[in-house]
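For reference, the structure discussed in these notes is given below.
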Number of protein chains: 2
Amino acid sequence: MSQRKPTKALPNMAEADIAIVRIAPESSFKNKAYDALKEAILKMDIYSTPEPVMLDERALSERLGVSRTPIREAIAMLEQDGFVKTVPRRGIMVVRRTKSEIVDMIRAWAALESMAARLITTTARKKDITALRDFFKDFGKDHLPEDHVEEYSKANIAFHQALISLSESPVLVDLTNDLLLHVRGYRQLTIGRKDRTATSLPEHLGIIEALEARDTELAEKRARDHTLGLAAYVEAHGQELFT
Amino acid sequence: MSQRKPTKALPNMAEADIAIVRIAPESSFKNKAYDALKEAILKMDIYSTPEPVMLDERALSERLGVSRTPIREAIAMLEQDGFVKTVPRRGIMVVRRTKSEIVDMIRAWAALESMAARLITTTARKKDITALRDFFKDFGKDHLPEDHVEEYSKANIAFHQALISLSESPVLVDLTNDLLLHVRGYRQLTIGRKDRTATSLPEHLGIIEALEARDTELAEKRARDHTLGLAAYVEAHGQELFT
DNA sequence: GGAAAGTTTTTGGCATACCACATGCCAGAA
DNA sequence: TTCTGGCATGTGGTATGCCAAAAACTTTCC
C-alpha cells in the first residue's frame, strides 16, 4: 500500500469547489421490496378475515414494477423475520400469531425492557431520563388517557421505544423493535383498552422515578412488572381477538 | 374474481385415517444452502485473519451444485440473521462483531434467561428442574471443571439451553439460540477460561436450587447475575480477542 | 345427476443470460 | 517517472423462461 504523499492538497482548480454531493447509493430493489412488503403486512388487518391472507409473487412483482427475483429475495427475508410462511406450490401466507404466541412475545419484551431499565440507571444522563415524562405531558385531569385512547397509545409506544433507546444497547433496541412489530397488530385492540389505560400512566411515571433515583433493582422490577401486566391482560382478555 | 363454490368439505375416505404423515417436502435448495452456509460460517474462525472473510456467489453455487438463485436467497436470509453483509459489486462479507457487540448480546441473553428462570419457578415440574444437575454430574473433586475446560464448556452450553427450554417459551428459546450462535464464536475463547470456569459451576447450582425452591425473585436474580458476570468478564478480559 | 378421469391453470423453485458498477492493469501522454 | 483515461475483468442485481406439483376446471361415462 503506497503512502499518499501529502503534496498540495488540491490542484488549484477553482472549479473543483462546485457543490458536489455524494451520490446516493440508492437501495436495491430487493430492499425496496422488503420495506414495501413489510409495511404493507404491518398495515393490513390480518385477523379480520377467517382465512389466511395470501401473497402472490407474480402479482407483487407487477404491482411493484420489478421482476420476481428481488421479490423472492424480499420474501425470503420476511420469512426469516417470521412475517410470512411460504409453502411450495401452495402460496405465501402472512403468518397469524396465536394468543399464546403474542403473550410469549410480550414476556420476552418485558425481559428486554427490564434489562434496559437496569442499564439506564447506571449510564443514562439525568436529563434524558427526565425527558421521558414529555411523552405524557399532554395528559392530565382534563385530558385523561382513557378518553383519548388512540393518542395515548401512540405516546405509549413512543415512550417504550425511547426508554429502550436510553439503554444505548443496539441489541436490546433491535430485538424489542422486532417484537413490537409482531405485537403491534394487537396493540390497537388491547393496549388501548380503557381499563388498562387507566393504570398504565402511573406505572410509567413510577418507572421514570425509579430511573431518576438510580434505583437499579426497583427500576428493573417496575419495568418488568408493567409489561408483564400487559401480558397477563392479553392472556386474560384477549380471547375474543383470536376468533 | 370468480366465486368459489363451497362444495362438500371432505370426501368420506375411511382410509384417510391411517397414519399418513405429510410426505417430506424435502427442503428446497434455498433452505439447504441456508443450512450449509450457516454451518460453514459458524464453523470458520473469522477472527483469526486480519481482513474480513468474503463469500462468492458463483463459487458457492458451484461448490453446492446449484444455481446462484437459491444461493442468493440463502444469503438474503443470512443477512437478516446478521451473519453476513453484502455490499453491491464488492462482495459478501462474513460479519465480524466487536467486543462491545458481543457484550451487548450477552446482556440481552442475561435478560432472556432471567425471564426464563422466572417462568420456570411457576410452571416447570420438579423432576425437570432437578434433571438440570445431570449436566454437571461428571464433575467433582477429582474431575474439576477447570481441568477439563473443553468438556465443561459443552456441558455449560447444554445446561443453558436446557434451562431456557424449561420455560416452555418458544420466543425465549429462539431468541436465545440466535444470540448464542453469534456469541459462540467467542465462547471457546472466553467461557472456557480457567479463572471463570471455577466460579461457574457453583453459580449454576445456585440457580438450580433457587428454581427448586420456587423462589421466583432469587432464581431470576441468580440467572441474571450469572450471565451478566460473563458479560463483565468478556468486557474486562476480552480485549486481546479482538485484535 | 354425479363422480371419476383428463386437462388447463396457477404457483413457487430453479437455471440462465445480461446488466451496471467497482477495481486493477496498462498504454500513452505529460 | 508520474499521471490519466480506457479497457478487461470480477461481483452482485435483475429479468426471463421453463419446470413440476397442486389446484381448478372440463369432459366423459355410468
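Throughout, protein chains are lettered first and strands after them, A, B, ... in sequence-line order, and every chain is numbered starting at 1.
- Taken residue by residue, residues 70-85 of chain B places heavy atoms nearer than 4.0 Å to DNA chain D at B:R72.
- Looking only at distances, no side-chain donor or acceptor of B:T227 sits under 3.5 Å from a matching main-chain atom of B:R224.
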For nucleotides 16-19 of chain C, which of its nitrogen or oxygen atoms have a protein nitrogen or oxygen under 3.5 Å away, and what is each distance?
residue, atom, partner, partner atom, Å
C:dT16, O4, B:T69, OG1, 3.3

CA sep, side-chain torsions, deciding dist, call: A:E101, B:V171, side-chain contact (heavy atoms from CB on, under 4.5 Å):
CA-CA 8 Å; A:E101 286 177 321; B:V171 175; over 6 Å; no
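- Atom pair A:L55:CG and C:dG13:P shows a separation of 13 Å (rounding to whole Å applied).
- Atom CD in A:E62 sits roughly 18 Å away from atom P in D:dT14 (whole-Å rounding).
- Protein atom CE of A:M93 is 15 Å distant from nucleotide atom P of D:dA22, rounded to whole Å.
- Ring pair B:W109/B:H160 is perpendicular by interplanar angle, where above 60° counts as perpendicular and below 30° as parallel.
- Residues passing the side chain to side chain donor-acceptor pair (under 3.5 Å) test with A:D35: none are found, sequence neighbours excluded.
- Residue A:S61 places no side-chain N or O under 4.0 Å from the OP1 or OP2 atom of D:dT16.
- Looking at B:Q80 and B:M77, their side chains never come closer than 4.5 Å, going by heavy atoms from C-beta outward.
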Polar-atom pairs under 3.5 Å, protein N or O versus N or O of nucleotides 23-25 of chain C: list them with distances, or write none.
residue, atom, partner, partner atom, Å
C:dT23, OP1, B:R90, NE, 2.6
C:dT23, OP1, B:R90, NH1, 2.7
C:dT23, OP1, B:R90, NH2, 2.2

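- For the pair B:L60 CG and D:dG12 C1', the computed distance is 13 Å after rounding to whole Å.
- Atom P of nucleotide D:dT14 and atom CD of B:E57 are separated by 11 Å, given to the nearest angstrom.
- Contacts of A:E73 classified as salt bridge (Lys or Arg N to Asp or Glu O under 4.0 Å), with partners at least two apart in sequence or in another chain: B:R72.
- Residue B:Q161 qualifies as enclosed at atom CD: its count of foreign heavy atoms under 6.0 Å is above 12.
- A heavy-atom distance below 4.5 Å is not found between the side chains of A:L37 and A:F83.
- Nucleotide C:dT11 holds its P atom 9 Å from the CE atom of A:M54, rounded to whole Å.
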Taking N or O atoms only and anything under 3.5 Å, show me the protein contacts with nucleotides 5-8 of chain C, one pair per line.
none

